[in-house]
Amino acid sequence: MGINFMTLTRHIYEGERKIPGATGELSALLHELSLAAKVISLEVNKAGLVDILGFTGDNNVHGEKVKKLDMYSHDMLFRAMDHGGHLCAMASEEEEDIIHIPDHHKRGKYVLLFDPLDGSSNIDANVSIGTIFSIYKRITPDDGSPGRMEDCLQPGIKQVAAGYVVYGSSTIFVYTAGDGVYGFTLDPAFGEFLLSHNNIRIPEQASIYSINEGNYKYWKPGLKKYIKYIQDAYDRGRKPYSTRYIGSMVADIHRNLLYGGIFIYPADRRNPNGKLRLMYECNPMAFIIEQAGGRAIDGSKRIMEIQPTDLHQRVPIYIGSKNAVDKVEEYLQKDENS
Ligand code: AHM
Ligand code: MG
């Protein structure tokens, strides 16, 4: 029986070797991220066993209750990433301001943004959760000075790499460095991420839709009509889409990436900007989905072309299989023009 020796680390380094002039810094960064992912995965897996479940009692910058595992993951990522010498700044969904690299560490040319533990309302129920990350090159001079806000507030098209980790029935690390999407499953026996999903392509045709339908009443008419359209597929001689909604964006999008589907967190009458954050959730997921052949829009614009103005800004998102996103866009536009 053949053994798969394509580890995540080897894949990253081989990828970088193909790029003329690459310094290896991005590879080192991704490798360090994978170490943090292993540590978080361990902790998530034993969450039910140790006294770590439950609220810390604090609220995060969005006014939501923070659970201990969120903070643990945030701290772990910071600690894994602050000393490598490749970053000039970080930003996290769990922290209001830009995070500086301590003065006693070298600073480098990259910026890292992350959502340490997405879908945290699912923690207590042992449902899949994940980490999302996004990497940019700084735009201020790479002279060892601290990174600044403008280094963080770059549009998604400037990402040099992005990825996510799903802590599910197994732990999987999915990333893109702009040359396709690759997934690696953590082998718990020897603690390595092994290539399990080579060059992932999202099916053009969706068979799943993922949206919190409880908010139906607040949706705009165009979205209501689109959902009705996909539910009426039988009338057009097609199997209707299945509804699947975990409530963990990472897990919902990961499944749709593999099976074909659309994930929507729309603007609605209560939340004109939706719920999800452009910098920590939408841009990295958009980069992955586009690299896999799909699309991600905010209703009218490409997510990755939005110029951010705030680290924590929210944005509506329609993301997934190309044909499905084309269709919802058509419905939303008809609505705007009527
Ligand atoms: P979080 O970052 O506080 O965990 O919230 C983000 C999560 C996403 O993973 C998920 O898609 C969404 O919130 C679900 O929201 P809702 O419960 O409104 O459907
Ligand atoms: Mg989140």
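Just so you know, ligand 1 is whichever comes first in the structure, and atom 1 is the first atom listed for that ligand. The first residue of the sequence shown is numbered 1, and numbering continues consecutively from there.
- His11 and Phe184 have perpendicular rings, their planes meeting at more than 60° on a 0 to 90° scale where under 30° would count as parallel.
- Ligand 1 has no nitrogen or oxygen under 3.5 angstrom from a nitrogen or oxygen of Ser121.
- Contacts of Asn212 with ligand 1, taken as heavy-atom pairs under 4.0 Å, involve the side chain alone.
- Contacts of Asp115 with ligand 1, taken as heavy-atom pairs under 4.0 Å, involve the side chain alone.
- When non-hydrogen atoms are compared, ligand 1 lies under 4.0 Å from the side chain of Leu276 (C-beta onward) but not from its backbone.
- For Phe133 and Phe173, the distance between ring centers is under 6.0 angstrom.
- Contacts between Phe263 and ligand 1 below 4.0 angstrom, taking non-hydrogen atoms only, involve the side chain exclusively.
- Residue contacts with ligand 1 for Ser248 involve N, CA, C or O but no side-chain atom from C-beta outward (heavy atoms, distance under 4.0 Å).
- The atom of Asp118 nearest to the Mg ion (ligand 2) is OD1, with the search restricted to N, O or S atoms.
- Applying the 6.0 Å contact sphere to CZ of Arg148 captures no more than 12 heavy atoms from other residues, nucleotides or ligands.
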Passes side chain to side chain contact (heavy atoms under 4.5 Å, CB included), Met304 versus Glu290? Steps please.
-> CA-CA 10 Å; Met304 291 209 290; Glu290 284 199 9; 3.2 Å; yes

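- Among Met249, Arg277, Glu93, the residue whose heavy atom lies nearest to atom 11 (O) of ligand 1 is Met249.
- Counting only non-hydrogen atoms, the option in Lys275, Glu94, Glu213 that gets closest to atom 13 (O) of ligand 1 is Lys275.
- Here Glu93 contributes OE1 and Asp115 contributes OD2, and at the Mg ion (ligand 2) these two atoms make an angle of 70°, given to 10°.
- The residues Lys327 and Glu330 are annotated as salt-bridged, a charged nitrogen and a carboxylate oxygen being separated by less than 4.0 angstrom.
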